[in-house]
Amino acid sequence: HAAWEPRSLISGFAVHDNAMWIMGGGIREIVPFAPDGPLADTRIAYADVWRSTDGKNWENVTYRAEWPARSHVSIIGHDGYLIVQDGSIGKQSNLGSDTWASKDGKNWTQIAPIGSIPRRHASSLVEHNGDLFLIAGLLHNDVWKLSLEALAKAASTQ
């Protein structure tokens, strides 16, 4: 029983600075009698950040990161940074396309604004040969490479 609230709707998992990290995510609610049939929507979305070096003891880094609370969020540890990308902000239909980076999980810098890639959620962030790629997501069959220059610029502001 970790200290953070129960959640799902997270794509990926972050390992950074010799720790495991969980951030964002949410809880879905099924509305069985919606006019057009059963509907699932986000009941709760989180913007908290937690870390653990052993998987048993979890430390809250922040209850409210600078990025908007989101579910179906894509997260990863990459090149000395934690990265948060896309997701559903509030309602599942409000798809994000922004990218945030942090070295410590508490101080975040937006490195790509909303609209820099097509809006999506439930994508995958993967590292390959030292580069970071955003792959697929809701109704997408594309691949985007995250700029290391943007990460370097973000580092200079932290």
Side-chain angles (χ1 to χ4, degrees), residues 1-28 42-92 94-138 143-158:
H1 297 285
W4 33 268
E5 296 292 323
R7 69 194 65 207
S8 59
L9 311 177
I10 300 170
S11 298
F13 189 77
V15 176
H16 168 72
D17 197 23
N18 296 313
M20 297 172 278
W21 297 74
I22 186 169
M23 57 198 93
I27 298 174
R28 254 169 76 167
T42 304
R43 182 166 51 98
I44 298 172
Y46 297 107
D48 54 351
V49 178
W50 297 79
R51 71 183 298 274
S52 174
T53 57
D54 62 11
K56 181 177 180 181
N57 300 296
W58 289 85
E59 167 196 358
N60 177 257
V61 177
T62 181
Y63 285 103
R64 183 69 183 92
E66 294 159 277
W67 35 267
R70 59 191 67 206
S71 59
H72 296 286
V73 61
S74 301
I75 64 174
I76 195 169
H78 171 71
D79 198 29
Y81 294 91
L82 292 165
I83 307 291
V84 170
Q85 167 68 49
D86 64 54
S88 293
I89 301 168
K91 293 184 165 270
Q92 287 195 33
N94 186 20
L95 303 179
S97 64
D98 49 341
T99 306
W100 295 78
S102 174
K103 285 192 170 272
D104 62 8
K106 184 172 182 158
N107 301 295
W108 292 85
T109 301
Q110 188 174 19
I111 61 172
I114 290 177
S116 54
I117 62 166
R119 295 174 182 262
R120 68 189 66 221
H121 74 208
S123 63
S124 293
L125 285 170
V126 296
E127 186 173 355
H128 178 67
N129 291 335
D131 292 319
L132 185 63
F133 294 89
L134 174 71
I135 301 174
L138 178 67
V143 177
W144 294 78
K145 182 177 174 183
L146 183 63
S147 164
L148 295 180
E149 293 81 31
L151 285 175
K153 184 177 177 184
S156 67
T157 64
Q158 288 189 9

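FYI, the numbering just counts along the sequence from 1.
Within the 4.5 Å cutoff, side-chain heavy atoms of Ile10 are placed close to those of Ile75. Between Leu146 and Leu125, the closest side-chain pair of non-hydrogen atoms is not below 4.5 Å. Here the side chains of Trp67 and Val49 are in contact, with some heavy-atom distance below 4.5 Å. With contacts defined as side-chain heavy-atom distances shorter than 4.5 Å, the pair Asp98/Arg70 qualifies. Between Met23 and Trp50 there is no side-chain heavy-atom pair separated by less than 4.5 Å.
With values rounded to the nearest 0.5 angstrom, Arg51 atom CZ is found 13.0 Å from Lys106 atom NZ. Atoms CG and NE2, on Leu132 and His78 in that order, are 4.5 Å from each other to the nearest 0.5 Å.
For the pair Pro6 and Tyr46, the tightest heavy-atom approach, listed with the atom from each and the gap, is O-OH, 3.6 Å. Heavy-atom minimum distance, Glu127 versus Ile76: N-CD1, 4.0 Å. In plain terms, the two heavy atoms of Ala19 and Thr53 that are nearest each other are CB-CG2, 4.1 Å. Val73 and Gly25 make their closest contact through CG1-N, 3.6 Å (heavy atoms, listed as atom of the first residue, atom of the second, distance). Heavy-atom minimum distance, Ala69 versus Ala45: CB-O, 3.6 Å. Smallest separation of non-hydrogen atoms from Leu134 and Gln85: CD1-CG, 3.6 Å.
Among residue pairs with one or both ends in residues 1-10, those qualifying as side chain to side chain donor-acceptor pair (under 3.5 Å) are Arg7-Asp48; sequence neighbours excluded. Applying the salt bridge (Lys or Arg N to Asp or Glu O under 4.0 Å) test to pairs two or more places apart or on separate chains, none has a residue in residues 8-25.
Within a 6.0 Å sphere centred on CG of Asp54, heavy atoms belonging to other residues, nucleotides or ligands number more than 12.
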Output a table of donor-acceptor pairs, distance under 3.5 Å, between side-chain atoms of residues 114-123 and any protein atom two or more places apart or on a different chain; print 'none' if there are none.
unit_1: Ser116; atom_1: OG; unit_2: Pro113; atom_2: O; d: 2.8
unit_1: Arg119; atom_1: NH1; unit_2: Leu95; atom_2: O; d: 2.8
unit_1: Arg120; atom_1: NE; unit_2: Pro118; atom_2: O; d: 3.2
unit_1: Arg120; atom_1: NH1; unit_2: Ala136; atom_2: O; d: 2.4
unit_1: Arg120; atom_1: NH1; unit_2: Asp142; atom_2: OD1; d: 2.7
unit_1: Arg120; atom_1: NH2; unit_2: Asp142; atom_2: OD1; d: 3.3
unit_1: Arg120; atom_1: NH2; unit_2: Asp142; atom_2: OD2; d: 2.8
unit_1: His121; atom_1: ND1; unit_2: Ser88; atom_2: OG; d: 2.5
unit_1: Ser123; atom_1: OG; unit_2: Ser74; atom_2: OG; d: 2.7
unit_1: Ser123; atom_1: OG; unit_2: Asp86; atom_2: OD2; d: 2.5

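A side-chain donor-acceptor contact under 3.5 Å links Ser102 to the backbone of Asp104.
Residues forming a ring-ring contact (aromatic ring centres under 6.0 Å, His included) with Trp21 (at least two apart in sequence, or on another chain): His16. Under the rule for a salt bridge (Lys or Arg N to Asp or Glu O under 4.0 Å), Lys56 has no partner lying at least two apart in sequence or in another chain. For Trp58, the side-chain hydrogen bond (donor to acceptor under 3.5 Å, both in side chains) test picks out no residue, with sequence neighbours left out.
Proximity of the aromatic rings of Trp100 and Trp108 is defined here by a centroid distance below 6.0 angstrom, and this criterion is not met.
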